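Structure first, then comments.
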Amino acid sequence: MTTTLNRTSTVSAITTREVRDKVKTSVSLGETIRQSFTMAYRGVLKIRHNPEQLFDVTLQPIIFTLMFTYIFGGAISGNIHSYLPVIIPGIMVQTVITTSIVTGTQLREDMDKGVFDRFRALPIARISPLAGALLADMIRYLIATTLTIVMGIIMGWRPDALGAIGAALLVIVCSFAISWIFALMGCLMSKASAVQGISMLILFPLTFMSNAFVPVSTMPGWLQGFVNVNPISHLVTAVRELTANGHIGIHVVWSLIGAAVITAVFAPLAVRAYMRNA
């Protein structure tokens with residue numbers, strides 16, 4: 001009995017303050033990036049096991065390119081060949097940005113299933129589950145961009161090779177930034193159908209009220225003012241300049257600045273909404 005008491009008396013008490021001092025309360029930038037790519041790999045596995053998720057990014061570029069070119073080509077540019085340098089960059093931007101809506105809907109579906117509740121309890125960076133999901137969707141953007149370029153080449157479009165690569169990267173980067181807006185909507189809304197409906201309601205006017213499909217000079221004066229400041233118009237013009245002769249102009253700079261601003265504003269908002277409502 002005496003020996004037991006002596007042994008007990010030698011054990012020092014551990015206070016809550018001492019435990020808190022030893023617990024890791026932050027995640028480094030390198031760990032955040034690594035965890036985000038781990039979550040992105042999870043998204044890639046989802047695509048691998050459910051390849052039907054790629055139907056929209058494989059069929060939409062082909063259908064839109066054929067439809068818009070043959071319907072509007074003769075009326076706007078006189079012939080299809082002259083219209084290709086105008087429409088292919090517009091289709092590329094419109095298709096890939098529209099594809100980013102799926103990011104918000106799939107995020108809402110995953111949150112409804114409860115999988116993100118587990119992620120919130122893990123000792124990982126708060127942004128990594130969201131960033132991983134958005135990074136995985138960049139595969140979808142790459143497929144849509146590639147198919148649009150290939151369809152244009154098959155139809156007779158001859159872009160600058162390096163410029164086409166740069167344009168594809170620019171569109172993917174900008175679409176990744178815009179997907180943070182839809183990720184925020186996915187965190188705030190209660191149903192995936194609501195995310196998709198409201199996203200389309202916002203995005204369709206922005207894409208069609210731009211210079212993506214028709215020259216700005218053919219529009220009414222009051223509409224031209226909006227089209228000229230529309231971010232989609234700047235992105236389309238940047239893609240046209242890159243694919244035409246590889247020129248990196250001011251529109252490329254504005255597109256990258258806009259992507260950085262959107263990410264800086266909406267990424268923290270999406271993470272906060274995710275932690276509050278997931």
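Keep in mind it's a predicted model, so treat the numbers as computed, not measured.
Inter-residue side-chain proximity for Phe37 and Ile33 is flagged as met; some heavy-atom pair is nearer than 4.5 Å. Counting heavy atoms from C-beta outward, Thr237 and Glu241 have side chains that approach closer than 4.5 Å. Contact annotation: the side chain of Gln60 approaches that of Thr98 to within less than 4.5 Å [non-hydrogen atoms, C-beta and beyond]. Looking only at side-chain heavy atoms (C-beta outward), Ile153 and Pro159 come within less than 4.5 Å of each other. Thr65 has its side chain within reach of Ile88: a pair of non-hydrogen atoms, C-beta onward, lies under 4.5 Å apart.
For Phe213 and Phe68, the gap between ring centers is short of 6.0 Å.
Looking only at distances, a side-chain donor or acceptor of Arg240 sits under 3.5 Å from a matching main-chain atom of Val86. No side-chain donor-acceptor contact under 3.5 Å links Arg108 to the backbone of Ala192. Side chain of Asn230 to backbone of Met209: a donor-acceptor contact under 3.5 angstrom is found. Checked by atom type and distance alone, the side chain of Gln196 never pairs as donor or acceptor with a backbone atom of Thr105 at under 3.5 Å. Between the side chain of Ser210 and the backbone N or O of Thr207 there is at least one donor-acceptor pair closer than 3.5 Å.
Closest approach of Ala238 to Ser255, counting heavy atoms only: CB-OG, 4.1 Å.
Here Ile165 contributes atom CD1 and Thr145 contributes atom OG1; the two are 12.5 Å apart, rounded to the nearest 0.5 Å. With values rounded to the nearest 0.5 angstrom, Ile172 atom CD1 is found 11.0 Å from Thr99 atom OG1.
For Arg42, the salt bridge (Lys or Arg N to Asp or Glu O under 4.0 Å) partners two or more places apart in sequence, or in a different chain, are Asp110.
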